[in-house]
Amino acid sequence: MAPPNNQKRVKGTQVYRPFVYGTIARLFNDETNPKPPGTPADHTHSWTVFVKGVDDADITYWCKKVQFKLHESIPNPLRMIDDVPPGGAFEVHETGWGEFEITIKLYYVPESLEKPQTLYHHLRLHPYGETEEEKEKMKQRGEVPAVVYEEQLFNEPYENFFEILTSPAPPGKGGKTKVLKGGMVSSVGERTALIPLTNRPGSEFSLETENLLLVEIRRAAADVMKMIEETKEDVVKKEAELAALRGPIQT
């Protein structure tokens with residue numbers, strides 16, 4: 001079936017927009033996270049699953065609604081979230097005691113003429129990490145975040161949708177600007193593929209994080225090269241020892 005109004009795709013063009021999705025879980029605690037009235041006795045945590053823009057940037061101009069498919073034991077497990085204000089999050093709040101996989105389906109605005117996209121995310125309730133120190137740090141924090149950075153790619157979008165993706169945010173739709181460290185200008189709701197320059201509480205996806213990861217990667221690469229050289233030297237040494245044990249070759 002031909003697209004409405006004989007729209008054409010903008011050939012040779014790719015537009016991507018960053019966003020994050022995931023869950024944040026908190027253990028029930030009488031002081032900091034009391035159990036709401038009516039919560040089942042065996043529920044140990046409150047948790048939220050969400051899809052939102054990086055640093056609360058607006059994604060509602062390309063993402064119309066989000067469907068969350070929860071565990072079948074949860075009442076009304078299929079949740080459709082829409083009517084989110086610019087800069088807001090598509091999210092569901094629940095309580096429970098067990099971990100499970102959540103299916104997340106993104107529905108684009110009608111102008112996109114694109115099919116929904118499905119993501120999968122594992123709800124984490126308990127502290128995790130590669131080391132005990134990481135687990136303890138998460139435990140002391142009082143919450144268990146499991147957040148994924150993603151980039152939505154629109155390959156050769158239709159003309160009307162391309163116009164929406166690349167046009168400035170309309171007045172009153174999240175165009176409030178703010179100046180970040182280093183003079184970089186950002187705005188909540190700004191239609192951009194840029195991520196924030198620095199971290200802030202609750203948002204760890206930024207150029208600062210990216211640069212720190214690059215430093216760690218370079219350091220790890222240097223360690224690997226050092227290990228390779230040490231291994232080569234060890235092999236040469238072992239080969240020399242083996243040759244000495246075998247003695248001179250008889251002819």
- Is there a side chain to side chain contact (heavy atoms under 4.5 Å, CB included) between Tyr149 and Phe19 once you walk through the steps? CA-CA 6 Å; Tyr149 172 88; Phe19 69 99; over 6 Å; no
- Item | Nearest heavy-atom neighbours spanning Lys52 and Ala89 | CB-CB, 3.7 Å
- Can you tell me if Gln140 uses its side chain to pair, donor with acceptor, with the backbone of Glu136 under 3.5 Å? no
- Heavy atoms, side chains only, cut-off 4.5 Å: are Leu165 and Phe154 in contact? yes
- Task: Following the transitive rule for hydrophobic clusters with a side-chain heavy-atom cut-off under 4.5 Å over Ile, Leu, Val, Met, Phe, Trp and Tyr, establish whether Leu106 and Ile81 coincide in one cluster.
- Result: yes
- Message: One pair to check against salt bridge (Lys or Arg N to Asp or Glu O under 4.0 Å): Arg9 and Glu114. What are the steps and the verdict?
- Response: CA-CA 11 Å; Arg9 290 189 178 273; Glu114 301 290 354; 2.9 Å; yes
- Report the C-alpha separation of His45 and Thr95 in whole Å, then their side-chain angles, then the decisive distance to 0.1 Å, and conclude whether the side-chain hydrogen bond (donor to acceptor under 3.5 Å, both in side chains) test is met. CA-CA 6 Å; His45 292 75; Thr95 65; over 6 Å; no
- Could you go through the side chain to side chain contact (heavy atoms under 4.5 Å, CB included) check for Lys238 and Leu242 one step at a time? CA-CA 6 Å; Lys238 296 296 183 184; Leu242 181 60; over 6 Å; no
- Step by step, would you call Val66 with Tyr21 a side chain to side chain contact (heavy atoms under 4.5 Å, CB included)? CA-CA 11 Å; Val66 177; Tyr21 67 93; over 6 Å; no
- Query: Hey, quick one: are Leu123 and Leu27 part of the same hydrophobic cluster, counting side-chain heavy atoms closer than 4.5 Å, chains of contacts allowed?
  - Reply: no
- Message: Could you check whether any side-chain heavy atom of Ile228 comes within less than 4.5 Å of a side-chain heavy atom of Val224, counting everything from C-beta outward?
- Response: yes
- Assess whether salt bridge (Lys or Arg N to Asp or Glu O under 4.0 Å) is satisfied between Lys8 and Glu159, documenting all intermediate values. CA-CA 6 Å; Lys8 297 179 180 179; Glu159 296 167 325; over 6 Å; no
- Note on the structure: One should read off an interatomic distance between Trp97 CH2 and Ser73 OG, to the nearest 0.5 angstrom, of 7.5 Å
- Task: Please tell me if the side chains of Lys64 and Asp82 come closer than 4.5 Å, counting only heavy atoms from C-beta onward.
- Result: no
- side chain to side chain contact (heavy atoms under 4.5 Å, CB included) between Arg26 and Ile24, intermediate numbers included: CA-CA 7 Å; Arg26 297 178 178 85; Ile24 295 179; 3.9 Å; yes
- Hey, is the main chain of Pro77 close enough, under 3.5 Å, to the side chain of Glu72 for a donor-acceptor pair? no
- Task: For the residue pair Asn160 and Phe162, establish whether any side-chain heavy-atom pair is separated by less than 4.5 Å.
- Result: no
- Task: Please assess Glu132 against Lys135 for the test salt bridge (Lys or Arg N to Asp or Glu O under 4.0 Å), listing each intermediate value before the final yes or no.
- Result: CA-CA 5 Å; Glu132 290 301 321; Lys135 295 179 182 179; 3.7 Å; yes
- Message: I'd like to know if the side chain of Thr60 reaches the main chain of Cys63, judged simply by a donor and an acceptor atom lying under 3.5 Å from each other, with no hydrogens or angles considered.
- Response: no
- Query: What orientation do Tyr108 and Trp62 show, parallel under 30°, tilted 30 to 60°, or perpendicular over 60°?
  - Reply: tilted
- Nearest atoms (heavy-atom pairs only) where Gly53 meets Val20: O-CG2, 4.2 Å
- Task: Give a yes or no answer on whether the side chain of Lys35 reaches the backbone of His43 with a donor-acceptor pair at less than 3.5 Å.
- Result: yes
- Item | Flag for His93-Ser46: side-chain donor and acceptor within less than 3.5 Å | no
- Message: Is there a continuous path of hydrophobic side-chain contacts, each under 4.5 Å between heavy atoms, that joins Ile102 to Val148?
- Response: yes
- List the steps and the verdict of salt bridge (Lys or Arg N to Asp or Glu O under 4.0 Å) for Arg219 and Glu216. CA-CA 5 Å; Arg219 183 180 294 117; Glu216 290 298 323; 2.7 Å; yes
- Item | Heavy-atom pair with the smallest gap, counting every atom of Pro36 and Phe28 | CD-CE2, 3.6 Å
- Note on the structure: One should read off an interatomic distance between Glu101 CD and Lys69 NZ, to the nearest 0.5 angstrom, of 10.0 Å
- Task: Side-chain contact test, heavy atoms from C-beta onward, threshold under 4.5 Å: evaluate it for Leu113 versus Phe161 and give yes or no.
- Result: no
- Please check if the side chain of Thr32 supplies one atom and the backbone of Asn29 the other of a donor-acceptor pair under 3.5 Å. no
- Query: With a cut-off of 6.0 Å (strictly less than), are more than 12 heavy atoms of other residues, nucleotides or ligands near CG of Asp83?
  - Reply: no
- Does any non-hydrogen side-chain atom of Pro18 lie less than 4.5 Å from one of Gln152? no
- Message: To the closest 0.5 Å, what do you measure between NZ (Lys65) and NZ (Lys105)?
- Response: 10.5 Å
- Message: For the CD atom on Glu230, are there more than 12 heavy atoms of other groups (residues, nucleotides or ligands in this structure) within a distance under 6.0 Å?
- Response: yes
- Task: For atom CG of Asp42, decide whether the heavy atoms of other residues, nucleotides or ligands shown that lie under 6.0 angstrom number more than 12.
- Result: yes
- Task: For Pro157 and Val15, work out which heavy atoms get closest and say how close.
- Result: CG-CG2, 4.4 Å
- Item | Between CD1 on residue Ile164 and OH on residue Tyr61, distance to nearest 0.5 Å | 10.5 Å
- Query: Quick one: does Val51's side chain get under 4.5 Å of Ile104's, heavy atoms only?
  - Reply: yes
- Query: Under 3.5 Å, is there a donor-acceptor pair between the side chain of Glu156 and the main chain of Gly12?
  - Reply: yes
- Under a 4.5 Å side-chain heavy-atom rule over Ile, Leu, Val, Met, Phe, Trp and Tyr, are Val144 and Phe100 clustered together? no
- Task: Could you tell me whether the side chains of Asn155 and Gln14 share a donor-acceptor contact shorter than 3.5 Å?
- Result: yes
- Message: Would you compute the distance between atom OH of Tyr128 and atom CD of Glu134 and round it to the nearest 0.5 angstrom?
- Response: 9.5 Å
- Ring-face cation of Arg79 near Phe68 (centre distance under 6.0 Å, axis angle within 45°): no
- Just checking, is any N or O donor in the side chain of Glu99 or His122 under 3.5 Å from an acceptor N or O on the other one? yes
- Query: Transitively linked via ILVMFWY side-chain contacts under 4.5 Å: Met80 with Phe90?
  - Reply: no
